[in-house]
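These notes concern the structure reproduced below.
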There are 2 protein chains.
Amino acid sequence: MPLVIQKFGGSSVADTHHIFNVAKKITDVYKSGNDVVAVVSAQGDTTDKLQQLMEEITDEASKREKDVLLSSGEQVSSSLLAMAVQKLGFPAVSLTGWQAGFLTESNHTDARIIKIDTKRIENELKNKNIVIVAGFQGIDENGDITTLGRGGSDTSAVALAAALNADICKIYTDVDGVYTADPRSVVSAKKWSSLSYDTMFEMAHFGAQVLNERSIETAKKFGVTVEVLSSLSDNLSGTVITKETKAITNTISGISLKNHLAKVTVSARDNTEKHKNLITSEMDKTGIKIDSSMKPVGKQNKDIFNFIVEENHINDFLAVTKKIGIENQNIQISYEKNKSEISVINISESLNLNTASIIFETLSEMNIDVEMVACDEKRVSVVVASECANSAVNAIHSKLFEEDMII
Amino acid sequence: MPLVIQKFGGSSVADTHHIFNVAKKITDVYKSGNDVVAVVSAQGDTTDKLQQLMEEITDEASKREKDVLLSSGEQVSSSLLAMAVQKLGFPAVSLTGWQAGFLTESNHTDARIIKIDTKRIENELKNKNIVIVAGFQGIDENGDITTLGRGGSDTSAVALAAALNADICKIYTDVDGVYTADPRSVVSAKKWSSLSYDTMFEMAHFGAQVLNERSIETAKKFGVTVEVLSSLSDNLSGTVITKETKAITNTISGISLKNHLAKVTVSARDNTEKHKNLITSEMDKTGIKIDSSMKPVGKQNKDIFNFIVEENHINDFLAVTKKIGIENQNIQISYEKNKSEISVINISESLNLNTASIIFETLSEMNIDVEMVACDEKRVSVVVASECANSAVNAIHSKLFEEDMII
């Protein structure tokens, strides 16, 4: 019997109405003669609420305890969803991460899955149960609860699809597929019917929030066919992510946007390169993500270097530089918030010079200042002030896609 | 090193302020040179909120899924409490029911503990960790999450004390001990410094909410010394529950009160005894608790019999009588809500005739109608209208205790 994995995010199960909507999507697939395993995130703003409770207690909670706390959210949503499926008259059983057999590394709050012991799930499927799995979580070899980091439920679903050799992994979200740009801000964005793993990875890496990067890596590694589709509409066809397809080689596949970035500027009178390396390695050690691939545009001062850091990590960044004593060495660190990174994804180096010139020309016509730029065989990225980002994305999209639409 | 088990109920961890208050009680005991295992209930009204979520989905949730849902509450409170203990500068680790080794029967929502595998807890204690255990929960032999029923965290704590051979099990609650009557309604109630297991059991059975019955049975079975004390005040001495003590033999030990009861009246023209037995056995099968020990006072009609049923079980009671076809047999069932049962606990039959007459005399003087009565070697109970219950308890307490106080 075909096996379908379905994954539903937090907004899809935010309240009773949404939960029954999801229960219907699950039972429809079951009624069509499939085995079904559904992976579910915590309801709506549950995770935020739990974080608030935590922050009232401490601003330096141990990651182990944080995982115990946050994983309760999916335990709640999975049991409620199982109740709703039962209410519709179908047999269902919810399983937490450890019950579903997710063994992970011990790296709390961002653990990687080591393997999935699928015995319990297979038994439940044999008994014709619809299995509802709490996403985002597992246990390590000590029996401690772990979580998989941001977007972890996507990874749970794709890894389960691989372990169970499922026919397809359907990721339900609040858009009905993957677009050439975010359809909420670019009205003329077009939906792809299919995309390669590599292209999807780049789009996710540079800001498309429809699927997380780790889940795409996992899908590629195990050849899992993933479909991104809407949990709200009944439009059945989404975007299928699969192996390289001819149609999308050497083609610009989309425009991604990352907001809430800060541009950090470090002025060092001497040993500039040494300090840059020191900061990079320390941030790597402490897990603070910095982007040093972006280069300034225009005349450059060799005593100055820049990093792009997510706004909500800027305090951590400054705490680390303070701790390693950077500030005692005649070095000044400043930052500007409200920066955005626009990336055009284009798995073909040969096309990128042309793409870059189109981007610069478009932004120049709009009088938008390009503050930083990065260009490689997979993308062209520019950093602009966030207030210009949406109009810039729309203009670039219009230039690249609407005159000579390939889809 | 001495081992102390501490148990904190939901109101004791209701918010951040209360959590830190509890964390301080825990670390004080730890600082005094004890190993500490704390058992914690879900925060304040968490369980009610989860029940509400469930009832929005279905009024007939499977008990298995209900246990998955409700057990998340203690997972949250245990991790928050561990964070607070850490914030105070002490090492702590939270454990869910399954991590703490609680193996139970499969009887979801009211499972009994079979055994506790204490290996994990002992390892944590060896590493000098303060262990915070999520109360009320365990797993069955299938690896499914179970809960222990009302007051289950008390049972978790006492069973842990037995399994770990702890020196004492301290139950922190919103009163600072066990009183001759509920001190919230009887101002002159006096606190016992110690009570026997048997007396405490009777007091709990007949309404004292300070400890649940199953935990007292467990304490008696394994000889666990239990102390009931306040989580709010710093008054250190509570009430110690232990083996029979001389001081409290042949003594009235307290007045318990049960509210929210319904008096069910069944009128059967024939086969009265047969129907009574049928109803009793069916309620037993379906787990609906009825009290048939209470007898009407005054002239009795042999075609009529009564049960005392908790108000929130009255609909279930009627559903069962309907299902077994009782109503088709010339039988009428009616009920009155807002009844209360007052019990005077007195582990000595010889004293009870005198006690009964004092109770009747007191209520008669107050013009309070005694609707039903039960009397055995452990207690004298009367059923009265709830609106009279508090004044009745106060008057009886005054007669029995205040003139010739034994404590």
Side-chain angles (χ1 to χ4, degrees), chain A residues 13 15-17 19-20 23 42-43 46 49-50 52-88 91-96 98-101 119-120 123-124 132 134 139 142-145, chain B residues 13 15-17 19-20 23 42-43 46 49-50 52-88 91-96 98-101 119-120 123-124 132 134 139 142-145:
Chain A
V13 291
D15 56 30
T16 302
H17 172 74
I19 287 176
F20 274 108
Q43 288 186 282
T46 300
K49 281 186 191 159
L50 291 171
Q52 270 170 30
L53 284 178
M54 182 180 76
E55 283 161 14
E56 280 180 27
I57 301 271
T58 176
D59 49 6
E60 46 191 8
S62 84
K63 289 184 170 181
R64 181 196 183 279
E65 296 305 329
K66 198 174 168 187
D67 279 354
V68 176
L69 181 70
L70 295 187
S71 64
S72 69
E74 291 78 25
Q75 186 166 327
V76 168
S77 59
S78 65
S79 58
L80 292 176
L81 182 53
M83 290 174 189
V85 169
Q86 291 171 346
K87 178 78 179 175
L88 298 183
V93 64
S94 73
L95 297 176
T96 61
W98 61 270
Q99 289 176 319
K119 216 178 317 153
R120 174 75 195 255
N123 275 335
E124 298 295 346
I132 316 286
I139 50 168
N142 303 318
D144 283 333
I145 295 171
Chain B
V13 290
D15 55 32
T16 302
H17 172 74
I19 288 176
F20 273 108
Q43 287 186 285
T46 301
K49 281 187 190 157
L50 291 170
Q52 270 170 32
L53 285 177
M54 181 180 77
E55 282 160 16
E56 279 180 26
I57 301 270
T58 176
D59 48 8
E60 47 192 7
S62 84
K63 289 184 171 182
R64 181 197 183 278
E65 295 306 328
K66 198 174 166 186
D67 278 353
V68 176
L69 181 70
L70 294 187
S71 64
S72 68
E74 290 79 25
Q75 187 167 326
V76 168
S77 58
S78 65
S79 57
L80 292 176
L81 182 53
M83 290 173 190
V85 169
Q86 291 171 348
K87 178 78 178 172
L88 297 183
V93 64
S94 73
L95 297 176
T96 62
W98 62 270
Q99 288 176 320
K119 215 177 317 152
R120 174 74 194 256
N123 275 336
E124 298 295 347
I132 316 285
I139 51 168
N142 303 318
D144 283 333
I145 295 171

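No hydrogens, no waters, no symmetry mates; every other heavy atom, side chains included, goes into these values. A note on names: the letters A, B, ... follow the listed sequences, proteins ahead of strands, and every chain is numbered from 1.
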When rounded to the nearest 0.5 angstrom, what is the spacing between [atom1] in [X] and [atom2] in [Y]?
| X | Y | atom1 | atom2 | answer |
| --- | --- | --- | --- | --- |
| B:Leu80 | A:Ile57 | CG | CD1 | 5.0 Å |
| B:Ser72 | A:Glu74 | OG | CD | 11.0 Å |
| B:Lys87 | A:Glu60 | NZ | CD | 4.5 Å |
| B:Gln86 | A:Arg64 | CD | CZ | 9.0 Å |

Which answer fits [X], side chain, backbone, both or neither, if we ask what part of it has an atom under 4.5 Å from a heavy atom of chain B?
| X | answer |
| --- | --- |
| A:Leu53 | both |
| A:Thr96 | side chain |
| A:Gln99 | side chain |
| A:Ile132 | neither |
| A:Ala92 | backbone |

> Any idea which of B:Ile139, B:Asp144, B:Asp67 has the most non-hydrogen atom pairs under 4.5 angstrom with chain A?
Replying inline: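 Top count of heavy-atom pairs under 4.5 Å with chain A: B:Asp144.
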
> Among B:Ala61, B:Ala84, B:Ser94, which residue forms the greatest number of heavy-atom pairs with chain A at distances under 4.5 Å?
Replying inline: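 Max contact count across the listed options: B:Ser94.
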
> Heavy-atom distance under 4.5 Å to chain A: side chain of B:Leu50, backbone, both or neither?
Replying inline: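 The side chain, not the backbone.
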
>> Which atoms of B:Leu69 are under 4.5 Å from chain A, going by heavy atoms: the side chain, the backbone, both sets, or neither?
In response: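 Both backbone and side chain.
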
> Which atoms form the tightest heavy-atom contact between A:Glu56 and B:Thr16, and what is the distance?
Replying inline: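 What the structure gives for the nearest pair is OE1-OG1, 2.6 Å.
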
>> Do B:Ser79 and A:Met54 have side chains that approach each other closer than 4.5 Å (heavy atoms only, starting at C-beta)?
In response: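 A side-chain contact is absent here, since even the closest heavy-atom pair is not under 4.5 Å.
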
> When you look at A:Val93 and B:Glu65, which way does the side-chain contact (heavy atoms from CB on, under 4.5 Å) test go after all the steps?
Replying inline: CA-CA 7 Å; A:Val93 64; B:Glu65 295 306 328; 4.1 Å; yes

